[in-house]
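Nothing here was measured: the structure is a model prediction, and the numbers come from that model. No hydrogens, no waters, no symmetry mates; every other heavy atom, side chains included, goes into these values. Just so it is clear: chains get the letters A, B, ... in the order the sequence lines come, proteins before strands, and each one is counted from 1.
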There are 2 protein chains.
Amino acid sequence: MNDPDWSLYRTFLAVCRTGSLSAAARDLGLTQPTVGRHVDELERLLRRTLFTRSPQGLMPTDAAVEIRPYAESLATTAAALLRQVSGGLERVEGIVRITASDVIGIEVLPPILAQLQAAHPGLVVELSLSDLVEDLLHREADVAVRMTRPVQDALVIRAVGEIELGLHAHPDYLTRAGTPETFADLARHRMIGFDRQTAFVRMATAEMRRLNPGFSTVEQIGWHYRTDNNLAQLAAIRAGAGIGFCQTRLAERQPRLQRVLPDLRYPLPTWVAMHEDLKSSPRCRATFDALVEGLQDYIGGGTGGR
Amino acid sequence: MNDPDWSLYRTFLAVCRTGSLSAAARDLGLTQPTVGRHVDELERLLRRTLFTRSPQGLMPTDAAVEIRPYAESLATTAAALLRQVSGGLERVEGIVRITASDVIGIEVLPPILAQLQAAHPGLVVELSLSDLVEDLLHREADVAVRMTRPVQDALVIRAVGEIELGLHAHPDYLTRAGTPETFADLARHRMIGFDRQTAFVRMATAEMRRLNPGFSTVEQIGWHYRTDNNLAQLAAIRAGAGIGFCQTRLAERQPRLQRVLPDLRYPLPTWVAMHEDLKSSPRCRATFDALVEGLQDYIGGGTGGR
DNA sequence: TCGGGGTCATTCATTTTTGAATGATTGCTC
DNA sequence: GAGCAATCATTCAAAAATGAATGACCCCGA
């Protein structure tokens, strides 16, 4: 049995993603008959039907679903290879892909990255913002800012300190609704919080209770403005919708945002991580270092160290 | 800039591995001019010289060395894809790749795997024996038998108990040199042990000292027959070269191998691991289960559990 | 019921890729 | 130093892959 040509996998993946031969052809810069022939040949070589040709488009079969993750992996690796080769071996240039949470990526990273790029005009930054952690081992990203300690081997990780979360509100809201003085007061306020009870939220709630014994839990307080999107929470606070959590350093930067119950604190330990092999890549190394330094600055003389 | 065709990476990798266009062509089932053209095109698309054409063969450039790991990763993924598709979705058949240490693979696994294959004639087993842990996340292997606890996420792991190591010798040796009665006696014996001071050996030495306070360390005993190959150690013990460590259950099976200082024990915790995604693959699941059961039997009603 | 926009399959000429053959060069052996 | 067995580069004809064009089909909305 002959191995399929690797490019067939790329075509296969495009068809999986788009759901049609024509769309895949457009993405790949090929034509629809070519894509169709690629699929045919892959099916022949693998001895599997990959798509059932129904008139309303192609339906991937079980076999297609099964091998798709492998094709995705091929794609991320190929993309990583191109990023790697995009930069020289001495100078800080080329493409670096960074993954971070949306709040960090939008509120914290821009000045850090702008300064980095000012120093290295040849550097192109790709920002992938999501709470789904992209896999550094599979090179889905080159450098990551994480709020959970990366457990995988073969990663260079650096703790940059703890980002502190605290309750904040807009002065407009506080003049209207009053300023809470005790944890118990919060029960009478409009609280901004999470929508779903994700694993992170449950963990955070438990930790919050541990750190701040007087703080009532979700059940007792009740949340009036719920969203899982951290940026939306921040926007709600800014708009005077109520009291919610945001990063204290972030709030300090905002023109008019006031801290509420300053004793309540929730530290978010933060790491920067990248694959070991990328240490020797100037662009990744420089980005890593800039992120570490920038975040430590942001946190305010963080603990640093490994 | 156009993306290079993924098959160019495969050709590139073959050239890296073989060191010549002709050899790569033979491996790939292509011809030498084709391989040369592929390399040319990849160099053109990446804007990098990958090989310096010297008369005495091709020398990979720094750029080639840099991207080779990515090409290797592509190759392992493609291989994993083919293994995946080699089996059906319901029946236990196709190719399963297992990695284990050499002693386990040669002395322990054969009957387990033979029984597994007897039950499932369509199952093809690939055994990769090495102390280098192949990366399950990158699908270098489907199932692994490990002596260290796998730390990576996204793995299904199962503790199968502790394999006990003990000192053993051939009766011929013992009649010739006497049977040691105390740890101190070992100093007067021919000891079989490791060659280099690897991280594992250092750790094992420390652990050994902790578990068996009276046991002298390497420095005090002195090793007279040194090899890092565990099979070679076992062979030396069998040949009556002296006293060395081997698995007690293994020694029991040998026709004539006698335990020495039975109080001395060194338990080797053992795990079976595979990638989470492969749980739904019958061939991997069956292999995983068979290995767990077989190893628990081997250990002798091991502790089991997770 | 009738287009319009989308899909995929088929055909055929064109382009591209490939392989066989050949030549040039090197390293090794005798 | 000649002969042999490698290597890679080049050439040219054959094979393969591709794309444009066309036709058939389906869904959707008028």
Reckon [X] has a side-chain N or O less than 4.0 Å from the OP1 or OP2 of [N]?
X      : N       : answer
T31(A) : dG19(D) : yes
R53(A) : dA9(C)  : yes
S20(A) : dG6(C)  : no
H38(A) : dT18(D) : yes
R37(B) : dC8(D)  : no
T34(A) : dG19(D) : yes

Rounded to the nearest angstrom, tell me the gap between atom [atom1] in [X] and atom [atom2] in [N].
X      : N       : atom1 : atom2 : value
L58(A) : dG6(C)  : CG    : P     : 17 Å
D40(A) : dT18(D) : CG    : C1'   : 14 Å
M59(A) : dC8(C)  : CE    : C1'   : 17 Å
L30(A) : dA20(D) : CG    : P     : 11 Å
D27(B) : dT7(D)  : CG    : P     : 11 Å
F51(A) : dT7(C)  : CZ    : P     : 15 Å
R44(A) : dA16(D) : CZ    : C1'   : 13 Å
D5(A)  : dT17(C) : CG    : C1'   : 12 Å

Can you see whether [X] engages [Y] through a side-chain donor-acceptor pair at a distance of less than 3.5 angstrom?
X       : Y       : value
T76(B)  : S73(B)  : no
S281(B) : R283(B) : yes
S7(A)   : D5(A)   : yes

| message | Taking the six-membered ring of F12(A) as reference, does the cationic atom of R68(A) (NZ for Lys, CZ for Arg) lie under 6.0 Å from its centre and within 45° of its axis? | response | no

| P33(B) or Q32(A), whichever maps to the more 5' nucleotide of DNA chain D |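 It is P33(B) whose nearest nucleotide is closer to the 5' end.
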
| note | So CG of L50(A) and OG1 of T61(A): to nearest 0.5 Å the spacing works out to 5.5 Å

